[in-house]
Amino acid sequence: MSHLAGAVSPTADAPWSALPRVRLGLLPTPLMRAARLEAALGCGPLLVKRDDLIGFGVAGNKARPLEFLLGAARARGAEVLVTGGGPGSNFCAAAALAARSAGMACELVVWGEPTSPNLALAVAAGATLRPIGGSRREEVDRQVAARAAELGSRGFGVPRGGSTPLGAVGFAAAAAELAGQLAAPPSVIVLPVGSGGSVAGLLAGLAAVGLDVPVLGVSVSRPPEEIGARVRALAVDCAALLGTPRPRPDACTLVDARGPGFGIASELERDRARLALHTEGLLLDETYGAEAFSVAVDRLTDRPGTVVWWHTGGVLPAVGTMMKGRA
């Protein structure tokens with residue numbers, strides 16, 4: 001267990017404990033040492049935060065923001081969760097499952113071709129799809145807000161990925177969870193960055209618990225300079241919502257891992273994903289997991305020190321990651 005001076009307790013006296021919450025995940029998720037993977041890489045130590053084992057459908061880390069977002073929705077008496085994303089969105093599937101478990105309907109605004117395993121799962125959970133076609137992801141948030149406004153008090157709109165200050169609270173609580181599992185501060189925490197809510201919440205939470213650890217965010221869909229401004233603003237707003245210290249502007253470094261394109265892993269990233277599968281049974285998706293894991297491997301082999309890699313989950317697209325490039 002960690003012993004952090006002035007740390008915020010992750011239990012009843014935490015600043016997020018007074019917020020409405022719908023419990024979805026089986027928390028805390030494990031923090032595992034990947035000894036066989038370390039041996040294969042000739043490096044170490046590597047600690048894996050297993051949000052892929054969060055225990056709610058195949059939601060992975062998406063369950064964390066949804067706990068607080070659905071808590072707020074129910075507290076307001078809303079009946080319909082309105083959100084959206086792309087056809088391969090893990091958040092869409094997680095939102096549909098979470099809304100149903102909270103007794104709410106779910107409507108999903110989807111760009112692109114609305115056919116994928118994730119959307120099939122969302123529909124199976126009772127979600128209504130609202131396809132808009134095209135490739136402009138930003139249009140999703142506009143349409144979500146418009147549909148929520150149409151529904152009035154019945155609707156509760158959430159932008160892509162649940163990336164709001166309230167959604168980020170889920171990962172602020174996760175930072176306290178991690179702090180309680182660490183024997184000593186690691187040299188770095190590595191996690192993927194899409195819409196920015198997870199890393200922003202983590203930064204706010206680390207500042208809240210007094211754990212001064214560098215965070216390496218792996219941007220998979222936007223240029224680092226673009227998403228960096230959003231992450232910093234979300235982290236500050238999340239801390240303001242909680243009444244906790246503002247995170248330092250330099251607490252997070254973002255690296256560009258877009259490579260061949262959003263949701264397309266490079267051959268090196270696929271090879272490393274297969275290594276994680278063969279040594280530890282870790283299943284990585286091609287949208288977030290393979291890219292972030294590859295950056296964690298680079299960090300392990302470049303410098304000494306313990307690395308925490310946050311395995312955010314995302315199971316459904318992962319089989320393709322393992323099979324591409326195989327005979």
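The figures that follow rest on heavy atoms only: side chains count, while hydrogens, waters and symmetry mates do not.
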Colleague: Just wondering, more than 12 heavy atoms not from R50 lying within 6.0 Å of its CZ?
Modeller: yes
Colleague: Evaluate the side-chain contact (heavy atoms from CB on, under 4.5 Å) criterion for residues S219 and V255: first the C-alpha distance (whole Å), next the side-chain angles of each, then the deciding distance (0.1 Å), finally the verdict.
Modeller: CA-CA 6 Å; S219 183; V255 297; over 6 Å; no
Colleague: Just by modelled atom types, is the S195 backbone N or O under 3.5 Å from a matching donor or acceptor in the R230 side chain?
Modeller: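 Checking the backbone N and O of S195 against the side chain of R230, a donor-acceptor pair under 3.5 Å is found.
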Colleague: Among E269, R272, R299, R270, which residue satisfies the side-chain hydrogen bond (donor to acceptor under 3.5 Å, both in side chains) criterion with S294?
Modeller: R272
Colleague: Without swapping roles, check the side chain of N118 against the backbone of G88 for a donor-acceptor pair under 3.5 Å.
Modeller: yes
Colleague: With the 4.5 Å side-chain cut-off for hydrophobic clustering, are V236 and L203 part of the same group?
Modeller: no
Colleague: Is there a donor-acceptor pair under 3.5 Å between the side chain of E280 and the backbone N or O of R36?
Modeller: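 It does hold such a pair.
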Colleague: Hey, are the side chains of I189 and P214 touching, using non-hydrogen atoms and a 4.5 Å cut-off?
Modeller: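 Side-chain contact under 4.5 Å: no.
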Colleague: Is there a side-chain contact between V297 and V295 (heavy atoms, below 4.5 Å)?
Modeller: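 Of all side-chain heavy-atom pairs linking V295 with V297, none is under 4.5 Å.
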Colleague: May I ask you to test the D52-L283 pair for a side-chain heavy-atom distance under 4.5 Å?
Modeller: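 A side-chain contact under 4.5 Å is absent here.
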Colleague: What pairs of residues pass the side-chain hydrogen bond (donor to acceptor under 3.5 Å, both in side chains) test when at least one of them lies in residues 66-87, not counting sequence neighbours?
Modeller: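 Residue pairs passing side-chain hydrogen bond (donor to acceptor under 3.5 Å, both in side chains), neighbours aside: R21-E67, E79-R154.
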Colleague: How many angstroms lie between CG in L53 and CG in L26, if you round to the nearest 0.5 Å?
Modeller: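 One finds 10.0 Å between CG of L53 and CG of L26.
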Colleague: For S187 and T306, indicate whether the former's side chain and the latter's backbone hold a donor-acceptor pair under 3.5 Å.
Modeller: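 Yes, S187 side chain to T306 backbone: donor-acceptor pair under 3.5 Å.
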Colleague: Output yes when a side-chain donor or acceptor of D141 lies under 3.5 Å from a complementary backbone atom of R160, and no otherwise.
Modeller: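 Between the backbone of R160 and the side chain of D141 there is a qualifying donor-acceptor contact (under 3.5 Å).
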Colleague: Using ring centroids (six-membered ring only for Trp), state whether W16 and F68 fall under 6.0 Å.
Modeller: no
Colleague: Linking I/L/V/M/F/W/Y whenever their side-chain heavy atoms sit closer than 4.5 Å, directly or via other members, would V140 and V110 fall into one cluster?
Modeller: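 V140 and V110: separate clusters.
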Colleague: Quick one: does L284's side chain get under 4.5 Å of L277's, heavy atoms only?
Modeller: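 When only atoms from C-beta onward are counted, L277 and L284 do not touch, as no gap falls below 4.5 Å.
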Colleague: Can you find a pair of side-chain heavy atoms, one from V80 and one from R147, that are under 4.5 Å apart?
Modeller: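 V80 vs R147: side chains apart.
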Colleague: Please give me the minimum heavy-atom distance between A208 and P245, naming the atom from each residue.
Modeller: CA-CD, 4.3 Å
Colleague: Looking at L300 and P45, what are the two nearest heavy atoms and their distance?
Modeller: CD2-O, 3.6 Å
Colleague: Do you reckon L108 sits in the same ILVMFWY cluster as W111, going by side-chain contacts under 4.5 Å, direct or chained?
Modeller: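 The answer is no; the residues belong to distinct hydrophobic clusters.
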Colleague: Do the non-hydrogen side-chain atoms of L191 and S198 ever get within less than 4.5 Å of each other?
Modeller: yes
Colleague: State whether Y288 and K62 meet the cation-pi test: NZ (Lys) or CZ (Arg) under 6.0 Å from the six-membered ring centroid, and within 45° of the perpendicular axis.
Modeller: yes
Colleague: Do L234 and V215 belong together in a cluster built from hydrophobic side chains that touch within less than 4.5 Å?
Modeller: no
Colleague: Considering all heavy atoms of both residues, which atom of P165 and which atom of D237 are nearest to each other, and what is their separation?
Modeller: CG-CB, 3.6 Å
Colleague: Does the side chain of Q181 pick up a donor-acceptor pair with the side chain of E177 at under 3.5 Å?
Modeller: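 Q181 vs E177: no donor-acceptor pair found between side chains.
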Colleague: Looking at every non-hydrogen atom in both residues, tell me the closest pair between W310 and P192 and how far apart they are.
Modeller: O-CD, 3.9 Å
Colleague: Do you see a donor-acceptor pair shorter than 3.5 Å between the side chains of D51 and T312?
Modeller: no
Colleague: For E107, is there an ion pair with R130 - N to carboxylate O distance below 4.0 angstrom?
Modeller: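 The answer is yes: the pair qualifies as a salt bridge.
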Colleague: Spell out, yes or no, whether F91 and V123 are grouped together once hydrophobic residues are joined by side-chain heavy atoms under 4.5 Å, including indirect joins.
Modeller: no
Colleague: Could you check whether R258 pairs with E291 (Lys NZ or Arg NE/NH1/NH2 to Asp/Glu carboxylate O, under 4.0 Å)?
Modeller: no
